[in-house]
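Notes follow once the structure below has been shown.
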Amino acid sequence: MLRLQNRLLSLLRNGSALPLLTCTNTSLHRHFSATASTSPFAAEDYLVTACGLTRAQALKASKELSHLRSSSNSDAVLSFLSGLGLSSSDIAAIVSADPKFLCSNVDKTLAPRVAKLHDLGLSRPQIARFVSIGAPVLRSCDVASRLRFWIPLFGSFDKFIQSVSRGALGGAAILRRDIDKVVKPNIALLLRCGLSVHDLAKTGISGAWVIVSSPEKLMELVARAEQLGVQRGSAQFKYALATVSCLSEEKIASKMKLLKKALGCSDDLLQTAIVKHPSILRASEDNLRSTVEFLITEVGLEPEYIVRRPSLIGFSLNGRLMPRYTVMKILQDKGLLNPKFSSLIDASEKYFISRFIDYYKESVPELADMYAAARAGKIPSELQP
């Protein structure tokens with residue numbers, strides 16, 4: 001039989017199959033498939049060849065698929081994902097992040113849940129986008145009923161998915177949270193603080209995470225935000241809440257002690273600065289120290305001036321402060337401009353380029369290149385402030 005198989009395969013490869021093969025091709029295919037199916041299922045190889053994972057990703061993911069004995073169910077899952085309009089790279093990302101998704105039942109789980117998303121009013125591209133970031137949730141719970149709760153809070157599906165795709169709210173895992181026991185009590189407390197879900201989503205991952213923390217934890221965080229001196233209902237309260245949600249009381253105390261020493265200010269003045277800009281506490285102690293040192297020793301700003309304009313400490317030293325200071329120094333040295341440092345720093349990137357780079361391109365044609373080099377950290381030493 002083996003010799004016959006080899007002979008027939010040789011004829012097929014050479015394109016010289018006899019008419020008889022037209023009749024026997026199907027049965028041969030079944031025979032070869034049955035023969036192949038008796039081979040052990042190699043999950044790692046399958047993840048590479050069928051799913052598009054790298055060898056390193058496949059090695060890690062295969063540990064969760066060691067129980068599989070064939071690719072039949074996984075093939076059905078991959079076909080289902082492809083049918084939703086997901087690209088090969090999207091599918092690879094899903095499988096890499098959640099290998100067990102390949103074990104989902106298409107007919108009993110995935111297809112019915114996707115049908116409910118369609119009934120919810122989501123378009124095919126919207127469903128594909130959701131699955132690309134929320135596949136683990138799709139296989140583990142009824143997402144449609146939960147999306148029906150969350151979408152109105154954000155105003156639209158697109159706004160919700162935009163926040164979730166950035167990692168805000170803990171990503172799509174937010175849909176696993178108990179709405180009645182966790183989410184609704186938290187939202188009620190946030191509303192009493194003058195905040196909406198969308199407000200916190202804009203502050204980043206750490207701030208939005210408080211929405212899905214335990215109600216007891218959220219009450220503790222609200223109290224800690226108030227201890228910073230930031231009042232409920234103020235514009236900065238959401239940032240204070242985001243700050244305390246990612247920093248321990250000890251870390252905050254340590255950073256405030258550092259700032260007090262570096263700026264030589266009183267507790268009251270420092271608290272005034274924190275109330276104006278609580279997010280500065282989220283910077284590392286090294287960044288805080290080097291930024292304050294730069295503003296005082298290089299730029300020549302008085303500590304009291306910095307305390308009253310704490311947003312200066314919040315800007316990136318290498319990405320904004322130093323590059324823009326370099327531009328200011330060049331323009332000053334050439335007698336072209338003598339602006340206030342804060343006016344350059346506070347300006348949007350678009351306005352800064354237009355007002356301080358393009359405006360002087362004839363007088364200082366190399367200014368744009370110097371600024372780009374400074375932002376990339378490649379400015380020559382002789383041009384550094």
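Excluded from the calculations below are hydrogen atoms, water molecules and symmetry mates; all remaining heavy atoms, backbone and side chain alike, are included.
Among all heavy-atom pairs drawn from Ala240 and Pro278, the shortest one is N-CG, 3.7 Å. Of all heavy-atom pairs spanning Leu269 and Ser266, the tightest one is N-OG, 3.2 Å. Heavy atoms only, all atoms of each residue included: Ser290 and Leu317 are closest at OG-CD2, 3.8 Å. Residues Met370 and Ile330 come closest through the heavy atom pair SD-CD1, 3.2 Å. Leu59 and Ser62 make their closest contact through O-OG, 2.9 Å (heavy atoms, listed as atom of the first residue, atom of the second, distance). Here the closest non-hydrogen pair linking Val48 and Thr54 is CG2-O, 4.1 Å.
Of the inter-residue distances, the one linking Leu117 atom CG with Arg124 atom CZ reads 13.5 Å to the nearest 0.5 angstrom. The line from CG of Leu247 to CG of Leu281 is 7.0 Å long, rounded to the nearest 0.5 Å. Remark: Leu295 CG to Glu293 CD distance equals 10.5 Å, nearest 0.5 Å. Here Glu220 contributes atom CD and Ser245 contributes atom OG; the two are 11.5 Å apart, rounded to the nearest 0.5 Å. Atom CD1 of residue Ile94 and atom CG of residue Leu78 lie 10.0 Å apart, to the nearest 0.5 angstrom. Going from atom CG of Asn186 over to atom CE of Met219 covers 8.5 Å, rounded to the nearest 0.5 Å.
Counting only distance, with no hydrogens or angles, the side chain of Ser363 and the backbone of Tyr360 share no donor-acceptor pair below 3.5 Å. A donor-acceptor pair is defined here as one N or O able to donate and one able to accept, closer than 3.5 Å; no such pair exists between the side chain of Arg232 and the backbone of Glu226. A donor-acceptor pair is defined here as one N or O able to donate and one able to accept, closer than 3.5 Å; such a pair exists between the side chain of Thr243 and the backbone of Tyr239. Ser96 places no side-chain N or O within 3.5 Å of a backbone atom of Ala92 that could act as its donor or acceptor partner. Counting only distance, with no hydrogens or angles, the side chain of Ser354 and the backbone of Tyr351 share no donor-acceptor pair below 3.5 Å. With Ser79 contributing its side chain and Ala76 its backbone, the two residues share no donor-acceptor pair below 3.5 Å. Although no hydrogens or angles enter the test, the distance criterion places no donor-acceptor pair under 3.5 Å between the side chain of Lys184 and the main chain of Lys181. Within the 3.5 Å criterion, the main-chain N or O of Ser145 finds no donor-acceptor partner in the side chain of Lys116. Remark: the backbone N or O of Leu102 is paired with a side-chain donor or acceptor of Asn73 at under 3.5 angstrom. For Arg355 (side chain) and Ala347 (main-chain N/O), no donor-acceptor pair under 3.5 Å exists by modelled atom type.
In this structure, the side chains of Arg176 and Pro136 come closer than 4.5 Å at one or more pairs of heavy atoms. Contact annotation: the side chain of Leu65 never approaches that of Phe41 to less than 4.5 Å [non-hydrogen atoms, C-beta and beyond]. The shortest side-chain heavy-atom distance between Met328 and Leu337 does not fall under the 4.5 Å cut-off. For the pair Ser342/Tyr305, a side-chain contact is recorded, criterion being any heavy-atom separation below 4.5 Å from C-beta on. Annotation: side chain of Phe315 is not in contact with side chain of Thr291 (no heavy-atom distance under 4.5 Å). Two residues are said to be in side-chain contact when any heavy atoms from C-beta on lie closer than 4.5 Å; Val299 and Leu312 fail this criterion. Inter-residue side-chain proximity for Lys60 and Leu53 is flagged as unmet; no heavy-atom pair is nearer than 4.5 Å. The closest side-chain heavy-atom distance from Gln57 to Leu47 is not below 4.5 Å.
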Evaluation steps, side chain to side chain contact (heavy atoms under 4.5 Å, CB included), between Val307 and Leu270: CA-CA 7 Å; Val307 171; Leu270 181 58; over 6 Å; no
Criterion ring pair (Phe, Tyr, Trp, His ring centres under 6.0 Å) on Tyr371 and Phe352, from CA distance to verdict: CA-CA 11 Å; Tyr371 179 60; Phe352 178 81; 5.1 Å; yes
Verdict with supporting geometry, Val77 and Val106, side chain to side chain contact (heavy atoms under 4.5 Å, CB included): CA-CA 6 Å; Val77 171; Val106 172; 4.0 Å; yes
Side chain to side chain contact (heavy atoms under 4.5 Å, CB included) between Arg55 and Glu44, worked out: CA-CA 8 Å; Arg55 183 59 64 177; Glu44 185 179 334; 3.0 Å; yes
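Under the 4.0 Å criterion applied to side-chain N and carboxylate O atoms, Lys257 and Asp267 are not assigned as salt-bridge partners. The pair Arg139-Asp98 meets the salt-bridge criterion, since a charged nitrogen lies less than 4.0 angstrom from a carboxylate oxygen. Using a 4.0 Å cut-off between charged side-chain N and carboxylate O, Asp286 and Arg289 make a salt bridge.
Gln332 CD: more than 12 foreign heavy atoms inside a 6.0 Å radius. Heavy atoms of other residues, nucleotides or ligands lying less than 6.0 angstrom from CD of Glu285 number more than 12. More than 12 heavy atoms of other residues, nucleotides or ligands sit less than 6.0 Å from atom NZ of Lys276. Counting heavy-atom neighbours within 6.0 Å of Glu349 CD, excluding the residue itself, gives a total above 12. More than 12 heavy atoms of other residues, nucleotides or ligands sit less than 6.0 Å from atom CD of Glu366.
Cation-pi contact between Arg146 and Phe149: absent, since separation from the ring centre below 6.0 Å together with deviation from the ring axis within 45° is not met.
Under a hydrophobic clustering in which Ile, Leu, Val, Met, Phe, Trp and Tyr are joined whenever their side-chain heavy atoms come within less than 4.5 Å, directly or via other members, Leu86 and Phe101 fall into the same cluster.
Between Phe294 and Tyr325, the gap from one ring centroid to the other is short of 6.0 Å.
In this model, a donor atom of one side chain and an acceptor atom of the other lie less than 3.5 Å apart for Asp75 and Ser71.
With respect to Leu138, the side-chain contact (heavy atoms from CB on, under 4.5 Å) criterion is satisfied by exactly one of Ile127, Thr109, Val114: Val114.
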